[in-house]
Amino acid sequence: MFRSLHQSIVHFAALALGRVKSQLYRTYSHTHTHKSQFTNHKTGSTIKQSNSQDSERLMQVQQRLRLPLPSDPRALISLLVSLSTTRSLSQGEQLHAYLLKSGYIPCSHPCSPYTLLSNHFITFYSRCNLPLLSLLSFLSLPSPPTPSSWSSLLSSLSHHHLPSLTLSYFRSMLLARVPPNRHSIPSVARVVGYLSDPSLARSLHGMSLKTPFATDVFVLTSVLDMYAKCSLLKEAQKLFDEMPERNVVSWSALICGYADAGLHSSVLNLFRSALHDGVEVNDCTFSSVIRVCAETTLLGLGALLHGLTIKFNLDSSPFVGSALVSLYSKCGLLDSSYKVFNEMPERNLSAWNSVLIASAQHGNIGTVFNLFEAMQAAGFQPNYVTFLCLLTACSHAGLLDEGKRYFSLMSVYGVEPGPEHYAAMVDLLGRVGRISEALFFIQSMPIEPIESVWGALLTASRIHKDTNTAAFAAQKLFEMGSCSPGMHMLLAGTYRAAGRHLEAAQARKAMRDSGLRKDAGLSWLEAGGVIHTFASGDQRHGRSVEIYRVLEEVGKRMEAAGYEPDTSGVHRNVRYHSERLAIGLGLLVVPEGVPIRVMKNIRVCNDCHTAIKYLTKCTGRVVVLRDLHRFHRFENGTCSCGDFW
DNA sequence: ATAGGGTTAG
């Protein structure tokens with residue numbers, strides 16, 4: 001069993017190596033350039049690693065390589081460790097080749113004394129981001145693998161997101177009667193979390209309980225994180241509660257799990273307890289909590305946390321910086337977002353993606369393209385998210401040719417288009433009215449379209465009043481078992497706009513029959529440290545009378561300026577949609593000169609969009625409205641989206 | 001004297 005697996009892996013590795021190696025080299029050059037600062041996990045403090053020390057060490061290694069090689073394995077190991085820490089790939093490869101060629105590592109010898117040295121090569125290639133060379137080093141060990149050989153291999157494979165190889169070799173390890181230990185369990189737990197497979201998670205946990213490491217903080221925290229990543233939050237919480245010892249990583253893993261699940265109040269409560277318990281929270285902890293503030297647009301709390309990161313001396317962390325860029329952008333403060341980004345002492349790929357996304361969501365399309373160039377000039381390779389952002393930006397601006405160009409550019413950078421990229425392209429084609437081309441594009445997709453692909457087509461068909469394609473897209477969504485209330489409403493709206501009232505009524509009935517209700521459209525505005533929430537036609541707010549009065553008063557001036565209310569919308573019986581009410585309150589409480597910032601959980605309708613443009617023209621106010629997907633900045637009668645959203 | 005847990009962006 002082991003032998004055949006062994007052989008097939010060698011075969012696989014040899015095949016895959018050529019392709020993977022070039023990709024890995026690219027990753028390698030990126031990590032190598034930007035590793036001057038990192039977080040010390042034990043103390044939780046951020047420390048600087050000097051680049052001059054690195055290069056000094058590298059020079060020493062180079063000098064030593066030119067000299068006759070030491071024959072003492074221990075001296076060789078210390079040389080290899082230096083090469084690992086400096087990630088000196090070419091020197092390490094030279095050393096490896098030399099040792100193999102000279103017979104220093106006798107490949108066929110059954111009990112070589114140099115297994116230890118070979119183990120170091122597994123680690124060395126992992127550090128150089130070449131996991132398949134780690135694997136080849138493992139496979140050519142001169143003697144049977146030691147528990148450390150297995151752990152080093154599993155570490156390399158799991159760190160490079162190779163779940164099936166990690167699990168295969170873990171199985172082989174167990175078959176070779178090597179028990180799992182405190183090093184191998186966390187590696188396997190990482191890939192199980194990555195796969196988000198609950199049953200694998202439970203069985204790995206069960207296995208870990210039978211080892212002597214069942215109470216080890218490292219092992220328990222890795223299992224906790226695995227449960228959180230598998231969305232088994234009850235299990236994660238139980239483990240956390242019963243752990244004999246907890247550290248900042250245990251806290252962060254649980255906080256991050258709740259943040260991923262959208263359980264915002266749990267995150268804030270846990271963070272408060274962590275501070276109360278005197279846990280030394282670090283940049284990782286902060287990034288999760290700030291993310292929650294961004295998602296809920298809790299600007300006040302987010303700004304408070306920003307202050308705390310400065311106090312804790314964590315504000316220079318690229319993780320904190322990325323989260324803050326996103327926070328300010330999502331709260332509508334694009335200037336603050338740019339300010340944080342510009343002042344970041346060290347940026348990573350996520351920081352660039354954050355600022356790209358911020359620009360795209362606020363409609364600064366030119367800035368998106370410029371930042372994309374700047375990012376590459378700074379030595380960063382665009383990834384999956386970067387291209388998603390570029391395509392979304394093109395879609396928002398209706399730039400079809402640019403979108404097509406970026407889509408084909410993906411293969412140049414070795415980024416495989418995912419379902420979301422296809423959905424973005426369908427959205428783009430649809431928005432500029434190329435409905436049939438969008439349909440053709442879907443039919444020529446090399447992967448199965450996901451719901452959002454058909455959803456994008458349905459939305460586009462609705463905008464361009466293509467009833468037949470809308471019905472076709474809806475049919476596809478039905479077949480996939482999708483029946484979101486929004487989809488029914490879109491379909492009903494398309495039929496109604498085409499005057500096909502009978503079918504519109506049928507679509508609405510289908511929604512009622514399925515027991516679904518339309519998502520309640522809500523808008524909210526933060527004022528005086530309180531979030532004020534409004535529904536459509538809401539009269540429950542304490543200042544409701546004043547709000548309606550000011551809207552009526554401004555409405556007269558708007559109509560005098562040429563605004564004609566559009567009554568063809570869905571809610572003919574409702575005078576004001578929720579965002580109008582929130583803006584009404586904004587007119588009362590937000591000081592002159594300060595933008596009125598309103599958040600909304602669904603898309604803004606045509607009539608409100610037009611009305612707000614007139615409102616800003618008549619009042620001289622600035623309104624920043626965030627809808628489900630993007631920001632609209634209304635100023636002096638125009639909107640940053642260019643009426644295209 | 002090699003192997004171990006959390007992180008940000010959509």
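Below, each value reflects all heavy atoms present in this structure, side chains not excepted, and no hydrogens, waters or symmetry copies.
Here dT8(B) is the nucleotide among dA1(B), dT7(B), dT8(B) with the atom lying nearest to any side-chain atom of R291(A). The side chain of I357(A) lies closest to dG10(B) when the candidates are dT7(B), dT2(B), dG10(B). Set against dG4(B), dA1(B), dG10(B), the side chain of S155(A) has dG4(B) as its closest nucleotide. Between dA3(B), dT8(B), dG5(B), one nucleotide has an atom nearer to the side chain of T221(A) than all others, and that is dG5(B). Closest to the side chain of P186(A), out of dA9(B), dG4(B), dT7(B), is dG4(B). Here dA3(B) is the nucleotide among dA9(B), dA3(B), dG5(B) with the atom lying nearest to any side-chain atom of S151(A). Distances from the side chain of T123(A) to the nucleotides dA3(B), dA1(B), dG10(B) place dA3(B) closest. Of the candidate nucleotides dT2(B), dA9(B), dT7(B), dT2(B) has the atom nearest to the side chain of N119(A). For F319(A), whose side chain is taken as the heavy atoms from C-beta onward, the closest listed nucleotide among dT7(B), dA3(B), dG4(B) is dT7(B). Listed nucleotides: dG5(B), dG10(B), dT8(B). Nearest to the side chain of S250(A): dG5(B).
Listed by first then second residue, pairs satisfying salt bridge (Lys or Arg N to Asp or Glu O under 4.0 Å) with a partner in residues 186-195 of chain A number zero, not counting sequence neighbours. Among residues at least two apart or in separate chains, side-chain hydrogen bond (donor to acceptor under 3.5 Å, both in side chains) pairs with a member in residues 367-376 of chain A are Q376(A)-Y413(A).
Neither OP1 nor OP2 of dA3(B) sits under 4.0 Å from any side-chain N or O of H120(A). For the pair S148(A) and dT2(B), the criterion of a side-chain N or O lying under 4.0 Å from OP1 or OP2 is not met. Not one side-chain nitrogen or oxygen of K330(A) sits closer than 4.0 Å to the OP1 or OP2 atom of dA9(B). Considering only side-chain N and O atoms, R182(A) lies nowhere under 4.0 angstrom from the phosphate OP1 or OP2 of dA3(B). Here R190(A) does not reach the OP1 or OP2 of dA3(B): none of its side-chain N or O atoms lies under 4.0 Å away. Look at K229(A) and you'll find a side-chain N or O under 4.0 angstrom from OP1 or OP2 of dT7(B).
Rounded to whole angstrom, the span from the CG atom of L349(A) across to the C1' atom of dT7(B) amounts to 14 Å. Between the CG atom of N282(A) and the C1' atom of dG5(B) there is a distance of 12 Å, given to the nearest Å. Per the geometry, OH belonging to Y169(A) stands 17 Å off C1' belonging to dA3(B), to the nearest Å. Between F387(A) atom CZ and dA9(B) atom C1' there is a gap of 15 Å when expressed in whole angstrom units. Between I122(A) atom CD1 and dG4(B) atom P the separation is 12 Å, expressed in whole Å. dT7(B) atom C1' lies 15 Å from atom CG of L254(A), rounded to whole Å. Per the geometry, CG belonging to N247(A) stands 14 Å off P belonging to dT7(B), to the nearest Å. dT2(B) atom P lies 18 Å from atom CG of L154(A), rounded to whole Å.
Note on D427(A) versus R431(A): salt bridge recorded, some NZ/NE/NH1/NH2 to OD/OE distance being below 4.0 Å.
Classified by interplanar angle (parallel below 30°, tilted 30° to 60°, perpendicular above 60°), the ring pair F372(A)/F387(A) is perpendicular. Ring geometry, F407(A) versus Y422(A): the interplanar angle exceeds 60°, so the pair is classed perpendicular (tilted spans 30 to 60°). Ring geometry for H96(A) versus F121(A): interplanar angle under 30°, hence parallel rather than tilted (30 to 60°).
With hydrogens and angles ignored, no donor-acceptor pair closer than 3.5 Å exists between the side chain of N181(A) and the base of dG4(B). Between the side chain of S287(A) and the base of dT7(B), no donor-acceptor pair of N or O atoms lies under 3.5 Å. Applying the 3.5 Å distance criterion, the base of dG5(B) shares no donor-acceptor pair with the side chain of S222(A). Side-chain to base pairing of N348(A) with dA9(B): no donor and acceptor N or O lie closer than 3.5 Å to each other.
Using a 4.0 Å heavy-atom cutoff across all strands shown, H421(A) reaches no nucleic acid atom at all. Note on S152(A): only backbone sugar-phosphate atoms sit closer than 4.0 angstrom, heavy atoms only; bases stay farther off. Across all strands, F286(A) comes closer than 4.0 Å to no nucleic acid atom at all (heavy-atom distances). Among the heavy atoms of the strands, none lies under 4.0 Å from C389(A).
When the salt bridge (Lys or Arg N to Asp or Glu O under 4.0 Å) test is applied to E242(A), the partners found at least two apart in sequence or on another chain are K238(A). Partners of R202(A) according to the salt bridge (Lys or Arg N to Asp or Glu O under 4.0 Å) rule, which considers only residues two or more places apart in sequence or in another chain, are E235(A).
For S149(A) and T146(A), the side-chain atoms include at least one donor-acceptor pair closer than 3.5 Å.
Residues from residues 209-218 of chain A with heavy atoms under 4.0 angstrom of DNA chain B, sorted by number: D216(A), V217(A), F218(A).
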Let me have the donor-acceptor pairs involving side chains of residues 211-218 of chain A, under 3.5 Å, with sequence neighbours excluded, atom names and distances please.
unit_1: T211(A); atom_1: OG1; unit_2: S208(A); atom_2: O; d: 2.6
unit_1: T211(A); atom_1: OG1; unit_2: F213(A); atom_2: N; d: 3.2
unit_1: D216(A); atom_1: OD1; unit_2: F218(A); atom_2: N; d: 2.9
unit_1: D216(A); atom_1: OD1; unit_2: V219(A); atom_2: N; d: 3.0
unit_1: D216(A); atom_1: OD2; unit_2: R182(A); atom_2: NE; d: 3.2
unit_1: D216(A); atom_1: OD2; unit_2: R182(A); atom_2: NH2; d: 2.6

